[in-house]
Amino acid sequence: MLGSNDPLSEVFEHFLSGPHIFKDREVLRPDYIPSHLPHRKDEIIHLGKILAPSLDGVRCSNILIYGKTGTGKTAVAKYTLDRLTKKGEEINASIRSSYVNCRIAGTPYRVLANLCHSIDIEIPFTGLATGEVFDRLKNTINSRRLFLICVLDEIDALVKDCGDSLLYELTRINEGLESGKLIIVGVSNDLKFKELLDPRVLSSLSEEEVVFKPYTALELKDILEERANAAFVRGRLTNGALNLCSALAASEHGDARRALDLLRVAGELAEREGASEASEEHVRWAQEKIEKDRVVEVLTTLPLHSKIVMLGILLLKKSSHENSTTGDLFEVYKEVCPRLGVDHLTQRRVSGLINELDLVGLINARVVSFGRYGRTKRVSLGILEEALVEVFKRDPLFDSIVNYHPQCLIRRHKKSNKSLEI
DNA sequence: CGTCCACAGGAATGACGGGCGG
DNA sequence: CCGCCCGTCATTCCTGTGGACG
């Protein structure tokens, strides 16, 4: 019925008959927790030793876990708690564990609500005072004589957004409990996070500290090998590709998540291409794709005026002003704004936007001095021009203006020839 | 050695929107 | 539901500054 004029049937057939690269791609997803965590034995044992007293009904220390992204903090915490609660069930200790991602939860209320849900207390989405939720949690722990071990992941995000008052309350909760205990396992990516905390909160929260070092290239290779065996059909991933993934991720602060991403995307690209195996070439291709996707994602979600500033840099570059000053950029920006039907912001604000764009890596901006001719910022593009052009062409507001030639540049040209000649 | 350019970037303040407690 | 408060974005006003020039 659909026959050869159905464009998709060919795609599906091709996919089904083509070589299969993956046997289970789920194991490469960032949230997958494997049953075995290579090169984290020491950390697991350390964590286990700290928490083990709870099996005996003894209060154990609160813990703070540090480490950069992709060093296995979350995986180790989840794994250890999982084993601990299983052991607790075996010997009939009333240990419960709870995992909350503070960044996703967002507010103290929702963090508390999550903790409550994990021990089967019903809490409405909204309507209760935060203090009321806190009391319910406390009372339940008390009356059921629970040992609640809660992992607060990305705890730095909570403190940055909402301050440390929730943590202060939580660290003090045990004082008001006759039976049962609450133990906090905080997880943070940010090493400077401690500076944001009240000293009292800090001292009780970090009774024990565990620092996760980045993986080395060799360790990453082990991790990847294990996952790759589970994820790929045997022989569909070259050794070179695997080595390259670990090397690339190791050079970027030993981020295992990054390495797994590379591996997964490389496999997907190979599969889509109908290749018989994922090779080093696919890995490099994957790296480009991941980077490009990231850039496109950041660019498209940029606020309007930041986008216009990016457009200004693009237009300057097209007129062979490779790195221009805040003043040049502001002139172009000011000229472009009315053409988009928008009022322009002040130079002060644009200067701030330039700094923000520098921070996310879309541009490079550094202060320079031209002596007699002033002190300013040199601004240049920090990403591929094509990626930028592509995003603008896809945007109905911008697509007609990417080839615009700003008038102010013609006037500027003679002047800048003198002052920028260094 | 002082001047002076072309901004940097801090502080105070205002406009706006959204969530929260009552 | 309403007022309140808070965070964000933007403006205004301001003081600070590296170094070529005279």
Side-chain angles (χ1 to χ4, degrees), chain A residues 100 102-116 123-137 154 156-169 196 198 298-313 316 321-338 340-360 362-380 382 397 406 408-409 411-422:
Chain A
V100 184
C102 299
R103 192 176 47 79
I104 292 172
T107 67
Y109 182 90
R110 287 203 283 264
V111 172
L112 280 172
N114 270 316
L115 291 181
C116 288
I123 296 291
F125 306 102
T126 179
L128 295 180
T130 311
E132 168 66 20
V133 182
F134 185 81
D135 287 342
R136 289 193 194 181
L137 177 69
E154 304 197 51
D156 45 322
L158 180 75
V159 174
K160 273 172 199 152
D161 289 355
C162 311
D164 58 3
S165 50
L166 174 68
L167 294 182
Y168 180 69
E169 298 296 337
L196 299 172
D198 184 297
V298 175
L299 275 173
T300 47
T301 56
L302 233 41
L304 176 62
H305 285 279
S306 300
K307 274 189 194 169
I308 303 177
V309 171
M310 288 303 293
L311 174 67
I313 297 168
L316 278 163
H321 292 65
E322 274 297 323
N323 37 26
S324 32
T325 68
T326 305
D328 299 334
L329 181 52
F330 184 63
E331 286 301 314
V332 178
Y333 163 85
K334 219 165 52 176
E335 192 179 323
V336 168
C337 274
L340 296 169
V342 189
D343 291 341
H344 70 263
L345 305 176
T346 54
Q347 180 159 340
R348 176 68 187 89
R349 183 61 190 137
V350 170
S351 172
L353 292 181
I354 292 173
N355 286 341
E356 287 170 23
L357 291 171
D358 180 46
L359 222 60
V360 292
L362 289 177
I363 63 175
N364 303 307
R366 59 174 245 269
V367 283
V368 291
S369 176
F370 297 127
R372 198 46 254 256
Y373 300 105
R375 189 167 169 269
T376 179
K377 270 198 293 259
R378 274 214 152 153
V379 180
S380 63
L397 183 63
C408 61
L409 290 183
R411 269 175 274 132
R412 278 243 154 192
H413 206 59
K414 293 161 195 150
K415 192 179 134 196
S416 59
N417 261 352
K418 281 180 192 160
S419 62
L420 292 178
E421 208 80 51
I422 297 171

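Keep in mind that this is a model prediction, so the values were computed, not measured. Just so we're on the same page: letters track the sequence lines, and every chain starts at 1.
The distance between atom CZ of Phe370(A) and atom P of dC21(C), rounded to the nearest whole Å, is 12 Å. Rounded to an integer number of Å, the gap from Arg349(A) CZ to dC14(C) C1' is 18 Å. The nearest whole Å value for the distance from the NZ atom in Lys307(A) to the C1' atom in dC9(C) is 17 Å. Computed from coordinates, the Gln347(A) CD to dG9(B) P distance equals 13 Å when rounded to whole Å. In this structure, NE2 of His344(A) is placed 16 Å from C1' of dC9(C), rounded to the nearest angstrom. Counting to the nearest Å, the C1' atom of dC5(B) and the CZ atom of Arg372(A) are 6 Å from each other. The separation between Asp343(A) atom CG and dC16(B) atom C1' is 16 Å, rounded to whole Å. What separates CD1 of Ile354(A) from C1' of dA6(B) is a distance of 13 Å, to the nearest Å.
Counting distance only, with no hydrogens placed and no angle test, the side-chain atoms of Ser369(A) and the base atoms of dG18(C) include a donor-acceptor pair under 3.5 Å. Contact of Arg375(A) with dG19(C) (side chain to base): no donor-acceptor pair of N or O atoms is detected under 3.5 Å.
Distances shown here put every side-chain N or O of Ser351(A) at or beyond 4.0 Å from the OP1 or OP2 atom of dG9(B). For Thr376(A) and dC5(B), the shortest distance from a side-chain N or O to OP1 or OP2 is not below 4.0 Å. Residue Asn355(A) has a polar side-chain atom (N or O) positioned under 4.0 Å from OP1 or OP2 of dG9(B). The phosphate of dC7(B) has neither OP1 nor OP2 within less than 4.0 Å of any side-chain N or O from Thr326(A).
Comparing Arg348(A) and Glu356(A), the nucleotide of DNA chain C nearest to each residue sits closer to the 5' end for Glu356(A). Both Gly371(A) and Lys377(A) sit near DNA chain B, but only Gly371(A) has its closest nucleotide nearer the 5' end.
A pairwise comparison of heavy atoms in Lys307(A) and Thr300(A) identifies NZ-O, 3.5 Å as the closest pair. Shortest non-hydrogen contact noted between Val368(A) and Arg378(A) is CG2-CG, 3.4 Å. Taking both residues in full, the closest heavy atoms of Ile354(A) and Ile363(A) are given as O-CD1, 3.5 Å, listed atom of the first, atom of the second, then distance. Between Ile308(A) and Tyr333(A), the closest heavy-atom pair is CG2-CD1, 3.6 Å.
At least one side-chain heavy atom of Val342(A) sits less than 4.5 Å from a side-chain heavy atom of His305(A).
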